[in-house]
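Counting starts at 1 for both ligands and their atoms, following the listed order. No experiment lies behind these values; they were computed from the predicted model shown.
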Amino acid sequence: MKLFRVIGDERVAHSLSPRMHNAVLAKAGIAGSYQAWPVQPEALASAMDEFRVLGLAGANVTVPHKQAVAGMLDELHGYAVELGAVNTIVVQGDRLIGHNTDVPGFRAAVESQGVVIESLACVVVGAGGAARAVALSLREAGAKRVCVAGRSLGKVKRLADDLKVEACGLGDLADLTAACDLVVNATSVSCASESADMAAMVGALPLNQRARMVVDINYGRSDNLWEQWASSHSIRFMDGLAMLAHQARESFGLWTGIKPPVQDFLAPLETAQ
Ligand code: NDP
């Protein structure tokens, strides 16, 4: 029996990942179980020690541990090295190897809609860990321009310096959206009830005629302010479920060597909505 966990703070209890991975394990005929496992920051190091001795098959890492855990592993691979953030742990004997599948997961989600990122001018709103992964994903996919816009300018500038992208404040967002092809919300705010200021600001933003898509990496919000904005400009909108499914598929591939169709990951999410 292969055991998998997703670790985060108490919010991990609401994660859709167990539903998704358990369904895919069953469909793939793999005897396994994937569980949500709350870990407080002070217990993170001992949770890693436990992973080594338990013989776990693999794990995901979610808020707020993605960066902290990166310093506790034996090795980082691929995008996790540049991001300094890990969302997937592969267990090899007693060694823990950190990967970041949010980066390829975001790209695959966008490209699954027929949007080719190469040569697009893109703006990413937000400066947290997810914004970092999205900005790196866009840069690596060959975007012509990647600009990160956020309310905490110091944080935005650090992100931009680290990843060699552009930085700006929320005050510049109107000029940016008027000139961009792809707009991504990577803040944690998706509805007016979460921030009336953000809703007013977004509702008043312009979009140009060649804009291809608005993406909100959050999901499960019925009154999504980014969706409403995209719809008012007749622009395609995508929420974060596809990214969640694609990053999960990448993680599953790292753990098992098998990459089932993305629909196998999406189907359990759609019935959870
Ligand atoms: P963080 O907490 O690290 O970052 C949140 C960001 O949102 C920060 O930059 C913060 O600003 C900004 N923000 C919050 N409130 C406001 C506001 N009122 N106005 C302007 N900016 C605001 O979270 P993560 O980056 O880890 O995750 C962001 C979201 O993405 C989460 O909701 C998460 O669930 C989702 N996510 C989805 C994934 C998927 O697969 N679909 C994968 C990963 C994340 P400041 O910088 O000033 O603090």
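The CG atom of Leu76 sits 9.0 Å away from the CD1 atom of Ile97 when rounded to the nearest 0.5 Å. The distance from atom CG of Asp49 to atom CG of Asp94, rounded to the nearest 0.5 Å, is 11.0 Å. The distance from the SG atom of Cys122 to the CE atom of Met213 is 10.0 Å, given to the nearest 0.5 Å.
Among all protein heavy atoms, the one lying closest to atom 4 (O) of ligand 1 is Gly128 CA, 3.5 Å. The shortest contact between atom 28 (C) of ligand 1 and any protein heavy atom is with Ala186 O, 3.6 Å. Protein heavy atom at the shortest distance from atom 11 (O) of ligand 1 is Arg151 NE, 3.2 Å. Nearest protein heavy-atom neighbour of atom 5 (C) of ligand 1: Ser188 OG, 3.8 Å.
Residue Leu241 has no nitrogen or oxygen atom sitting less than 3.5 Å from a nitrogen or oxygen atom of ligand 1, judged on distance alone. On a distance-only criterion, Leu170 and ligand 1 share no N/O pair closer than 3.5 Å.
Taking every non-hydrogen atom of Met198 and a distance limit under 4.0 Å, the qualifying atoms of ligand 1 come out as 19 (N), 20 (C). Listed by number with element, the atoms of ligand 1 under 4.0 angstrom from any heavy atom of Ser195 are 18 (N). Contact atoms of ligand 1 toward Tyr219: 41 (N) (distance under 4.0 Å to a heavy atom of the residue). Every atom of ligand 1 is numbered from 1 in the order shown, and the set under 4.0 Å from a heavy atom of Val63 is 26 (O). Close approach to Gly129 involves these atoms of ligand 1, each under 4.0 Å from a residue heavy atom: 3 (O), 25 (O). For ligand 1, the atoms sitting less than 4.0 Å from at least one non-hydrogen atom of Lys155 are 45 (P), 46 (O), 48 (O), numbered in the order shown with element in parentheses.
Residue contacts with ligand 1, taken as heavy atom pairs separated by less than 4.0 Å, involve Lys66 solely via side-chain atoms from C-beta onward.
Within a 4.0 Å radius of atom 13 (N) of ligand 1, the protein contributes at least one heavy atom. For atom 45 (P) of ligand 1, a protein non-hydrogen atom is found at a distance below 4.0 Å.
Electrostatic pairing of Arg52 and Asp74 counts as a salt bridge here, judged by a charged N lying under 4.0 Å from a carboxylate O.
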**side chain to side chain donor-acceptor pair (under 3.5 Å) assessment of Asn185 paired with Thr187** = CA-CA 6 Å; Asn185 174 43; Thr187 73; 2.8 Å; yes
**Request:** Apply the test side chain to side chain donor-acceptor pair (under 3.5 Å) to residues Thr271 and Arg19: give CA-CA distance (whole Å), side-chain angles for both, the deciding distance (0.1 Å), then the verdict.
**Result:** CA-CA 10 Å; Thr271 56; Arg19 169 189 275 261; 3.3 Å; yes
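A salt bridge (Lys or Arg N to Asp or Glu O under 4.0 Å) with Asp102 holds for exactly one of Arg132, Arg107, Lys66; it is Lys66. Cys191 pairs with exactly one of Arg221, Glu227, Gln228 by the side chain to side chain contact (heavy atoms under 4.5 Å, CB included) rule, that one being Arg221.
Heavy-atom separations between Phe106 and ligand 1 are all 4.0 Å or longer.
Closest approach of Asn60 and Thr88 over heavy atoms only: ND2-OG1, 3.4 Å. For the pair Val6 and Ser15, the tightest heavy-atom approach, listed with the atom from each and the gap, is CG1-OG, 4.3 Å.
The aromatic rings of Trp255 and Phe4 are tilted relative to each other, their planes meeting at an angle between 30° and 60°.
Selection from Val189, Asn218, Leu153 by nearest heavy atom to atom 15 (N) of ligand 1 gives Val189. With atom 40 (O) of ligand 1 as the reference point, the heavy atom nearest to it among Leu244, Asp102, Val202, Val134 is part of Leu244.
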